[in-house]
Amino acid sequence: MELDLRTVMRHFATGVGVVSTWTETPGGPDGRRHDAITVNSLVPVSFDPPLVSLSLRHGSAFLADLLASGRWGVSILAADGAETARRLAGSRESRTEALAELPAVPGPRTGALLFDGSGWMECALADSFTVGDHLMVIGTVLATGVRAPQDPLVFLHGALTPAIGP
């Protein structure tokens, strides 16, 4: 029997967010080069202390930047965030173009970009573990915020889908 985890997991709805980080770049506008990616692997690990995990593919440029800075922001996207999610799901070059156009603000605790959505958090690297073809990073949550309740954006059957609340 062949295992096909990817196909099975397409039937499991997950929330969608954007994770951002930066690296120092002398001569840049704020001395940093920002990057952001779309994720659906965000998991709360502990509430006391507040910890979350992300799983990122080995060898990704974004992962290298996150490990170098040790800081990142998470924006939990609402149903109207599908375009943001799509634009930040591409290559580093297309993400750089998107970052120049998408509205975002640096987080007060990390300087990582925060995008419009239903909630956000800022994290500092606490630990990391190799897990198959990914690196799981554990972050200590430094700051959080929520906005007015909104219907969430979810990933289901290989597509971004606005979930309609009650």
Side-chain angles (χ1 to χ4, degrees), residues 5-6 9 14-78 81-147 152-155 160:
L5 182 60
R6 186 179 307 269
M9 292 307 296
T14 61
V16 179
V18 169
V19 176
S20 64
T21 195
W22 50 267
T23 54
E24 294 195 25
T25 305
D30 61 357
R32 296 177 174 170
R33 181 183 46 76
H34 293 273
D35 197 3
I37 61 170
T38 302
V39 299
N40 65 346
S41 65
L42 178 68
V43 178
V45 175
S46 169
F47 293 115
D48 188 17
L51 301 170
V52 295
S53 73
L54 295 169
S55 293
L56 302 167
R57 182 183 44 80
H58 285 294
S60 79
F62 182 86
L63 174 59
D65 289 352
L66 186 146
L67 293 173
S69 74
R71 301 284 187 263
W72 69 88
V74 177
S75 303
I76 299 170
L77 297 180
E83 183 62 22
T84 297
R86 281 187 198 93
R87 293 192 68 192
L88 295 173
S91 68
R92 177 169 248 178
E93 294 77 25
S94 67
R95 295 191 315 262
T96 299
E97 289 176 21
L99 288 173
E101 299 168 0
L102 291 169
V105 296
R109 295 291 305 272
T110 64
L113 297 177
L114 301 174
F115 298 82
D116 192 28
S118 56
W120 59 269
M121 65 185 87
E122 293 182 87
C123 302
L125 183 64
D127 212 338
S128 64
F129 305 92
T130 295
V131 183
D133 59 357
H134 281 61
L135 186 74
M136 179 182 287
V137 294
I138 308 294
T140 300
V141 179
L142 304 174
T144 61
V146 294
R147 296 182 176 91
L153 181 65
V154 298
F155 188 72
L160 298 169

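Only a predicted model underlies this, so the values are computations on that prediction, with no experimental measurement involved. Hydrogens, waters and symmetry mates are skipped; everything else that's a heavy atom, side chains included, is used. One is the number of the first residue; the rest follow in order along the sequence.
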Quick check: closest heavy atoms across [X] and [Y], and the distance to 0.1 Å?
{"X": "Leu54", "Y": "Val39", "answer": "CD2-CG2, 4.3 Å"}
{"X": "Ala112", "Y": "Gly73", "answer": "CB-N, 3.3 Å"}
{"X": "Ala61", "Y": "Arg92", "answer": "CB-NH1, 3.2 Å"}
{"X": "His34", "Y": "Gly111", "answer": "CE1-O, 3.3 Å"}
{"X": "Ala85", "Y": "Leu153", "answer": "CB-CD2, 4.1 Å"}
{"X": "Thr38", "Y": "Ala89", "answer": "OG1-N, 3.6 Å"}

Applying side chain to side chain contact (heavy atoms under 4.5 Å, CB included), name anything that partners [X], two or more places apart in sequence or on another chain.
{"X": "Leu63", "result": "Leu56, Ser60, Leu67, Leu135, Val137"}
{"X": "Val131", "result": "Phe129, Met136"}
{"X": "Val45", "result": "Leu51, Ser53, Ile138"}
{"X": "Ala104", "result": "Leu113, Phe115"}

Is there a donor-acceptor contact under 3.5 Å from the side chain of [X] to the main chain of [Y]?
{"X": "Trp22", "Y": "Thr110", "result": "yes"}
{"X": "Ser20", "Y": "Ala36", "result": "no"}
{"X": "Ser41", "Y": "Ser55", "result": "yes"}

(message) For a side-chain contact (heavy atoms from CB on, under 4.5 Å) check, start with the C-alpha distance between Leu99 and Leu88, then their side-chain angles and the critical distance, and finish with the verdict.
(response) CA-CA 8 Å; Leu99 288 173; Leu88 295 173; 4.1 Å; yes
Looking at side-chain heavy atoms only, is the closest gap between [X] and [Y] below 4.5 Å?
{"X": "Phe62", "Y": "Arg57", "result": "no"}
{"X": "Val16", "Y": "Leu160", "result": "yes"}
{"X": "Arg33", "Y": "Thr96", "result": "no"}

(message) For Leu102, run the side-chain contact (heavy atoms from CB on, under 4.5 Å) check against Glu83, Arg87, Glu97 and tell me which one passes.
(response)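 The passing option is Arg87.
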(request) Report the distance from atom CG of Asp48 to atom OG of Ser46, rounding to the nearest 0.5 Å. (result)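 If I round to the nearest 0.5 Å, the distance is 6.0 Å.
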(message) Using the salt bridge (charged side-chain N to carboxylate O under 4.0 Å, His left out) criterion, which residues pair with Arg71? Sequence neighbours excluded.
(response)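 Partners of Arg71 by the salt bridge (charged side-chain N to carboxylate O under 4.0 Å, His left out) criterion come out as none, since no residue qualifies.
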(message) Strictly by salt bridge (charged side-chain N to carboxylate O under 4.0 Å, His left out), give each pair with a member in residues 118-144 just once, sequence neighbours left out.
(response)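 Those involving residues 118-144 do not exist here.
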